[in-house]
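For reference, the structure discussed in these notes is given below.
Quick note on labels: first sequence line is chain A, next is B, and so on, each numbered from 1.
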Protein chains: 2
Amino acid sequence: MRFKIKSRIWIEVDEHVFLGGGRVRLLKAIEETGSLSKAARSLKISYKKAWILIDSVNKSANEPVIVSSVGGKNGGGMLLTPYGKKLISTFDDINHGCWNYLDTQLKKLENL
Amino acid sequence: MRFKIKSRIWIEVDEHVFLGGGRVRLLKAIEETGSLSKAARSLKISYKKAWILIDSVNKSANEPVIVSSVGGKNGGGMLLTPYGKKLISTFDDINHGCWNYLDTQLKKLENL
DNA sequence: TAGCGTTATTTCCCTATAAATATAACACTA
DNA sequence: TAGTGTTATATTTATAGGGAAATAACGCTA
């Protein structure tokens with residue numbers, strides 16, 4: 001029997017999702033591209049969906065995660081704040097730790 | 001900032017979900033009630049949804065998880081096999097361990 | 001001033017998921 | 001034999017979520 005243990009973790013604030021895998025992927029894409037529309041294209045999700053995700057992150061956080069500018073040289077853009085960068089690296093850290101834990105548990109299923 | 005780290009784990013076989021929180025809840029309700037229809041009513045999900053969940057568990061497992069009988073004294077029913085009982089207790093064990101790990105990580109978010 | 005590429009937001013439509021309904025088969029009971 | 005409460009399955013109906021498109025505002029550039 002070939003088992004795999006999968007997991008998904010997310011952070012909630014006031015019973016609402018604040019940060020999860022999808023939001024972290026999006027934040028990383030914003031960090032790389034410098035814009036929400038480019039990030040959405042690179043992840044092949046609609047701009048609307050990307051905007052809703054970022055909007056909910058902003059509304060849940062009490063410290064800025066991204067700063068956006070509209071108009072200007074290249075039309076504007078989005079940038080991660082230092083707090084935002086720390087947030088995604090901490091999320092990744094915890095997530096990897098969770099995977100490592102689950103790997104150690106696999107044998108419990110295999111010799112069941 | 002009041003953070004909570006939430007998680008969901010599940011077991012896959014051949015890239016398909018074999019066992020997750022919902023299926024485990026349903027199996028426990030079957031163990032308590034002795035029937036799939038009673039279990040579905042107690043969890044307030046439709047019989048159809050419950051049947052699809054159990055059907056996929058049966059198809060993924062290569063050892064029986066439940067045995068069902070149709071017709072008869074009380075119309076029939078469903079029972080967990082010893083393997084099925086071991087499966088849900090192991091799942092619960094791993095799941096609680098995951099929660100414990102995540103609790104230890106919460107401080108990383110709080111003093112960020 | 002016209003054009004551009006963004007952010008920001010609304011509206012409409014479609015589709016995929018879930019719920020509700022219906023039906024068959026079954027084996028016991030009265 | 002009629003009735004009952006299951007399992008098992010198909011069909012129809014409703015609902016919610018996502019995608020596409022349209023629109024506005026913005027501030028730089030040429």
As a quick check of understanding, evaluate salt bridge (charged side-chain N to carboxylate O under 4.0 Å, His left out) for B:Glu15 and A:Lys4, giving each step before the final call.
CA-CA 8 Å; B:Glu15 316 297 318; A:Lys4 269 192 220 167; 3.0 Å; yes

According to a strict under-4.0 Å criterion, is A:Ser69 in side-chain N/O contact with OP1 or OP2 of C:dT7?
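For C:dT7, neither OP1 nor OP2 has a side-chain N or O of A:Ser69 closer than 4.0 Å.
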
Give a yes/no answer on whether the side chain of A:Ser35 brings an N or O atom under 4.0 Å of OP1 or OP2 in C:dG5.
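Checking A:Ser35 against C:dG5: no side-chain N or O falls below 4.0 Å of OP1 or OP2.
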
Using atom [atom1] of [X] as one end and atom [atom2] of [N] as the other, report the distance to the nearest whole Å.
X: A:Lys59; N: C:dA8; atom1: NZ; atom2: P; value: 11 Å
X: B:Leu53; N: C:dT17; atom1: CG; atom2: P; value: 14 Å
X: B:Leu43; N: C:dA18; atom1: CG; atom2: P; value: 16 Å
X: B:Tyr47; N: C:dT23; atom1: OH; atom2: C1'; value: 13 Å
X: A:Leu79; N: C:dT6; atom1: CG; atom2: C1'; value: 13 Å
X: B:Leu36; N: D:dA8; atom1: CG; atom2: C1'; value: 10 Å

For the side chain to side chain contact (heavy atoms under 4.5 Å, CB included) test, which of B:Leu27, B:Thr33, B:Leu36 pairs with B:Met78?
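Looking at B:Leu27, B:Thr33, B:Leu36, the match for B:Met78 under the side chain to side chain contact (heavy atoms under 4.5 Å, CB included) is B:Leu36.
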
Report yes if some heavy atom in the side chain of A:Phe91 is under 4.5 Å from a heavy atom in the side chain of A:Ile9; otherwise report no.
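Yes, close enough: below the 4.5 Å cut-off.
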
Indicate the atoms forming the closest heavy-atom contact of A:Tyr47 with A:Ala40, along with that distance.
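So the two residues come closest at CA-CB, 4.1 Å.
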
On DNA chain D, does the nearest nucleotide to B:Asp55 precede the nearest nucleotide to B:Ser37 from the 5' side, or the other way round? Give the residue.
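Its nucleotide being nearer the 5' end, the pick is B:Ser37.
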
Closest-nucleotide 5' rank along DNA chain C - winner of A:Trp51 and A:Arg41:
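Upstream on the strand: A:Arg41.
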
Reading 5' to 3' through nucleotides 12-30 of chain D, protein heavy-atom contacts under 4.0 Å coded B for base, S for sugar-phosphate only, - for none:
-------BB----BBBS--

With salt bridge (charged side-chain N to carboxylate O under 4.0 Å, His left out) as the rule and sequence neighbours excluded, what pairs involving residues 90-109 of chain B come up?
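Non-adjacent pairs meeting salt bridge (charged side-chain N to carboxylate O under 4.0 Å, His left out): A:Asp93-B:Lys108, A:Lys108-B:Asp93, B:Lys28-B:Asp92.
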
From B:Ile30 CD1 over to B:Ile66 CD1, what is the distance, rounded to the nearest 0.5 angstrom?
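Answer for the CD1-CD1 pair, B:Ile30 versus B:Ile66, is 6.5 Å.
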
